[in-house]
Asker: 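Sharing a structure with you now.
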Amino acid sequence: MRAVHATDDGWLLKNDQGAELGPFDAVVVALPAPQAAELFAELPHLREPAAAAEMRACWAAMVCFEHRIPCEFDGLFVNLDGSPLSWAARDSSKPGRNDAETWVLHASPDWSGANIDMEKDKVASELLAAFFGAVGIDPQQHTTLMSHRWRFAQTQAAVDGGCLFDRESLLAACGDWCCGGRVEGAYLSGVAAAGCVLGEVIRRARLRS
């Protein structure tokens with residue numbers, strides 16, 4: 001979605017191909033804060049808090065090993081000076097996973113930001129080496145190693161109420177950046193946005209009845 005415009009008939013959206021969609025009575029924007037802010041040119045009271053939410057990058061790696069890693073824990077936070085790693089978790093320990101020994105590795109925000117354009121293979125290799133160092137084991141044979149860059153991953157700020165909402169125009173914005181930057185924050189923010197929109201729609205319906 002490239003643009004959101006208010007009209008007398010409701011909201012019109014413009015997609016990536018330039019086609020207009022709508023009109024719609026209400027719009028919920030579920031995008032990273034910088035991208036949401038770009039859509040709110042007509043509503044500065046929403047654009048400003050979205051633009052003020054600082055979002056930081058995160059490089060992540062997924063690695064599958066031939067054998068179980070010899071450690072007695074399934075996750076760890078890493079606070080070692082000089083290490084690019086901030087967090088690691090044995091993904092295969094979660095319910096419903098197969099028997100393959102799989103770990104997810106997250107780089108720190110500072111390291112991710114400083115190496116935002118590093119080649120994916122090099123990122124994966126560096127995070128894997130850091131993982132072995134943090135756990136204190138020799139390198140283990142792996143069958144799969146890949147990395148992914150989340151340019152908008154972590155936030156240092158949240159907004160009151162769990163979402164942004166313009167009651168008059170029925171425009172809401174939600175995302176993990178509204179509630180602290182984790183997956184549960186994204187869920188709670190979506191619930192908050194839906195509650196705001198539905199609550200206002202019900203209120204207006206009662207006034208008309």
Side-chain angles (χ1 to χ4, degrees), residues 28 30-36 53-159 162-163 173-195:
V28 176
L31 291 171
Q35 296 173 345
E54 179 188 359
M55 300 201 73
R56 307 181 71 186
C58 178
W59 272 109
M62 170 74 81
V63 55
C64 184
F65 294 100
E66 291 184 352
H67 305 288
R68 182 177 173 85
I69 294 297
C71 60
E72 300 305 318
F73 47 82
D74 293 329
L76 70 156
F77 289 98
V78 181
N79 296 296
L80 299 174
D81 289 341
S83 176
L85 199 64
S86 67
W87 176 83
R90 182 182 269 130
D91 194 69
S92 49
S93 69
K94 298 176 182 178
R97 301 302 196 271
N98 58 34
D99 294 332
E101 175 75 347
T102 306
W103 284 75
V104 174
L105 317 176
H106 281 190
S108 69
D110 288 343
W111 190 90
S112 297
N115 297 279
I116 192 69
D117 293 320
M118 183 180 285
E119 292 293 329
K120 288 186 174 182
D121 290 346
K122 182 172 177 58
V123 169
S125 296
E126 293 207 18
L127 293 184
L128 181 59
F131 171 69
F132 292 137
V135 177
I137 61 174
D138 293 330
Q140 308 287 304
Q141 289 294 323
H142 61 271
T143 58
T144 303
L145 178 62
M146 62 184 71
S147 66
H148 182 79
R149 180 185 64 188
W150 302 98
R151 187 175 291 275
F152 303 116
Q154 302 180 34
T155 181
Q156 301 298 314
V159 300
C163 68
C174 62
D176 56 355
W177 55 275
C178 294
C179 286
R182 297 192 180 277
V183 64
E184 61 268 26
Y187 171 80
L188 293 173
S189 182
V191 170

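Residue numbers start at 1 and run along the sequence shown. If you're wondering where the values come from, they're calculated on a predicted model, not measured in any experiment.
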Asker: Between OG of Ser147 and CD of Glu119, what distance do you get to the nearest 0.5 Å?
Answerer: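 The CD atom of Glu119 is 9.5 Å from OG of Ser147, to the nearest 0.5 Å.
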Asker: With a 4.0 Å cut-off, would you call Arg149 and Asp117 a salt bridge?
Answerer: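 Salt bridge flag = yes for Asp117 with Arg149.
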Asker: What heavy-atom pair brings Gly185 and Cys179 nearest, and what distance separates the two atoms?
Answerer: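 Where Gly185 meets Cys179 most closely, the heavy atoms are O-CB, 3.4 Å.
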Asker: Carefully, step by step, assess Trp111 and Val123 under the rule side-chain contact (heavy atoms from CB on, under 4.5 Å).
Answerer: CA-CA 10 Å; Trp111 190 90; Val123 169; 4.2 Å; yes
Asker: Return the minimal non-hydrogen interatomic distance between Trp177 and Leu31, and the atom names on each side.
Answerer: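 Shortest heavy-atom contact: NE1-O, 2.8 Å.
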Asker: Can you see which heavy atom on Ser112 is nearest to which on Ala107, and at what distance?
Answerer: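 Smallest interatomic distance, heavy atoms only, reads OG-CB, 3.4 Å.
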Asker: For Trp87, look at atom CH2 and say whether over 12 heavy atoms of other residues, nucleotides or ligands are found less than 6.0 Å away.
Answerer: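 It does: Trp87 CH2 has more than 12 such atoms within range.
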Asker: What pair of heavy atoms forms the shortest contact from Leu76 to Phe131, and how long is it?
Answerer: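 Heavy atoms of Leu76 and Phe131 come nearest at CD2-CE1, 4.4 Å.
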Asker: How are the rings of His142 and Phe65 set relative to one another: parallel (under 30°), tilted (30 to 60°) or perpendicular (over 60°)?
Answerer: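 Rings of His142 and Phe65: perpendicular, over 60°.
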Asker: Would you say that more than 12 heavy atoms from the other residues, nucleotides or ligands in this model lie under 6.0 Å from the CD of Glu66, or not?
Answerer: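 Correct, the count exceeds 12.
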Asker: Quick one, Pro70 and Gln140 - any side-chain contact, counting heavy atoms below 4.5 Å?
Answerer: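 Heavy-atom side-chain distance check passes, below 4.5 Å.
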Asker: Mark yes when over 12 heavy atoms from residues, nucleotides or ligands other than Asp74 sit less than 6.0 Å from its CG; otherwise mark no.
Answerer: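 Counting other residues, nucleotides and ligands, CG of Asp74 exceeds 12 neighbours.
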Asker: How long is the straight-line distance from CG of Leu145 back to CG of Leu128, given to the nearest 0.5 Å?
Answerer: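 Output value for this atom pair is 5.5 Å.
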Asker: Hey, could you give me the CG/CG distance between Asp176 and Leu188, rounded to the nearest 0.5 Å?
Answerer: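 It is 11.0 Å, given to the nearest 0.5 Å.
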Asker: What's the verdict on side-chain contact (heavy atoms from CB on, under 4.5 Å) for Arg90 and Glu101, showing C-alpha distance, side-chain angles and the deciding distance?
Answerer: CA-CA 7 Å; Arg90 182 182 269 130; Glu101 175 75 347; 2.9 Å; yes
Asker: Rounded to the nearest 0.5 Å, what's the gap from OH on Tyr187 to SG on Cys174? Could you check?
Answerer: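 Atom-to-atom, Tyr187:OH and Cys174:SG are 12.5 Å apart.
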Asker: To the nearest 0.5 Å, what is the distance between CH2 (Trp59) and CD (Glu126)?
Answerer: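 One gets 11.0 Å once the value is rounded to the nearest 0.5 Å.
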Asker: Which pair of non-hydrogen atoms, one from Ala173 and one from Cys178, has the smallest distance, and what is that distance?
Answerer: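 Shortest heavy-atom contact: O-SG, 4.1 Å.
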Asker: Between the side chain of Ser86 and the main-chain N/O of His106, is any donor-acceptor distance below 3.5 Å?
Answerer: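 Looks like yes, one N/O pair under 3.5 Å.
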Asker: Can you name the nearest heavy-atom pair linking Val135 to Phe73, along with the distance?
Answerer: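 Closest pair (atom of Val135, atom of Phe73, distance): CG1-CZ, 4.2 Å.
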Asker: Quick one: does Thr144's side chain get under 4.5 Å of Met62's, heavy atoms only?
Answerer: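 No, too far: nothing below the 4.5 Å cut-off.
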